[in-house]
Amino acid sequence: MLSPRKVKHRKQMKQAHHLHRGKETRGTSIAFGDYALMCTESEWITNRQIEAARIAMTRYIKRGGKIWIRVFPDKPLTKKPAEVRMGKGKGSPEQWVAVVRAGRIMFELAGVEEATAKEAMRLAAAKLPVKTRFVARGGR
């Protein structure tokens, strides 16, 4: 599963919700493959969700094609254990998330036909908590 090898700070602040809104400015065009999965809304995507989507895609395309993952979970999410009283500091890091805004390319795919790519991306999108759109190189 994806996670940073080392981080400067073990715990991070959550971010105000207005920072999650709006469109992405970087990573909005296809850079490596021929087909891509673009998200159309903003959300946190966990490393488990990214991994589940990757597995769904690779299972469908079997051995053909190459997949690029264009998002990386670099934000730690902390959680306090169940049934623990309030106070006594912040909880320990439990999972890693990628902050994804609308318009971000999340996965790219090359080396397969469009119909295969579309179905693989559909299966991957089912594993993600955001609405997505299939895009092909050269518009559409």
Side-chain angles (χ1 to χ4, degrees):
M1 238 171 302
L2 294 172
S3 66
R5 281 199 195 96
K6 72 188 240 195
V7 287
K8 189 169 184 180
H9 302 289
R10 209 166 69 87
K11 299 173 183 179
Q12 250 184 48
M13 289 207 280
K14 259 196 181 143
Q15 276 182 340
H17 268 289
H18 70 273
L19 296 173
H20 288 229
R21 281 196 231 118
K23 288 200 165 57
E24 190 66 79
T25 54
R26 303 158 105 151
T28 56
S29 57
I30 298 176
F32 305 101
D34 301 320
Y35 309 104
L37 192 67
M38 176 191 277
C39 71
T40 55
E41 53 185 9
S42 304
E43 190 65 63
W44 281 346
I45 297 176
T46 67
N47 54 353
R48 288 168 182 270
Q49 290 163 345
I50 294 168
E51 182 67 8
R54 184 194 67 78
I55 289 167
M57 269 194 292
T58 48
R59 279 229 178 100
Y60 186 76
I61 62 171
K62 298 187 178 84
R63 277 218 243 269
K66 176 155 174 55
I67 294 171
W68 288 268
I69 301 171
R70 297 276 309 274
V71 288
F72 187 80
D74 57 354
K75 183 182 184 63
L77 274 196
T78 60
K79 203 170 190 183
K80 291 185 78 109
E83 298 181 18
V84 169
R85 290 184 179 186
M86 293 285 101
K88 303 269 193 288
K90 191 170 179 162
S92 56
E94 288 297 309
Q95 60 184 349
W96 295 89
V97 296
V99 180
V100 174
R101 300 234 264 343
R104 178 71 178 221
I105 298 286
M106 293 189 293
F107 299 97
E108 289 188 29
L109 188 52
V112 292
E113 307 89 65
E114 185 164 352
T116 309
K118 212 169 208 169
E119 180 59 18
M121 294 293 188
R122 188 189 67 77
L123 293 169
K127 308 288 180 190
L128 299 169
V130 288
K131 286 181 185 153
T132 56
R133 194 162 61 100
F134 177 79
V135 288
R137 191 184 279 283
R140 272 218 28 247

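Judged as a ring-ring contact (aromatic ring centres under 6.0 Å, His included), and not counting sequence neighbours, the contacts of Y35 are F134. Under the rule for a ring-ring contact (aromatic ring centres under 6.0 Å, His included), the partners of W44 that lie at least two apart in sequence or sit in another chain are H20. When the side-chain contact (heavy atoms from CB on, under 4.5 Å) test is applied to T40, the partners found at least two apart in sequence or on another chain are K131, R133. Residues that satisfy the ring-ring contact (aromatic ring centres under 6.0 Å, His included) test with F72, not counting sequence neighbours, are absent from this structure. In this structure R48 satisfies the side-chain contact (heavy atoms from CB on, under 4.5 Å) test together with M1, T46, sequence neighbours excluded. Shown here are the side-chain hydrogen bond (donor to acceptor under 3.5 Å, both in side chains) partners of S42, two or more places apart in sequence or in another chain: there are none. For I69, the side-chain contact (heavy atoms from CB on, under 4.5 Å) partners two or more places apart in sequence, or in a different chain, are L2, I50, R54, V71, F107. Residues forming a side-chain contact (heavy atoms from CB on, under 4.5 Å) with P129 (at least two apart in sequence, or on another chain): E43, I45, Q49.
Between T116 and the options E113, K118, E114, a side-chain hydrogen bond (donor to acceptor under 3.5 Å, both in side chains) holds for only E113.
Counting Ile, Leu, Val, Met, Phe, Trp and Tyr side chains that sit under 4.5 Å apart, directly or through other members, M86 stands alone, with no cluster partners.
Applying the salt bridge (charged side-chain N to carboxylate O under 4.0 Å, His left out) test to every pair with at least one member in residues 62-82, sequence neighbours left out, gives these pairs: R70-E108. Legend: salt bridge (charged side-chain N to carboxylate O under 4.0 Å, His left out) pairs involving residues 85-98, not counting sequence neighbours: none detected. Here side-chain hydrogen bond (donor to acceptor under 3.5 Å, both in side chains) pairs that include residues 119-129, with residues two or more places apart or in two chains, are E119-R122.
Considering only heavy atoms from C-beta on, R59 comes within 4.5 Å of I55 through its side chain. By the 4.5 Å heavy-atom criterion applied to side chains, L128 and M106 are counted as neighbours. Side-chain contact between K23 and R101 is absent, with no heavy atoms from C-beta onward closer than 4.5 Å.
To the nearest 0.5 Å, atom CE of residue M38 and atom OG1 of residue T28 are 6.5 Å apart.
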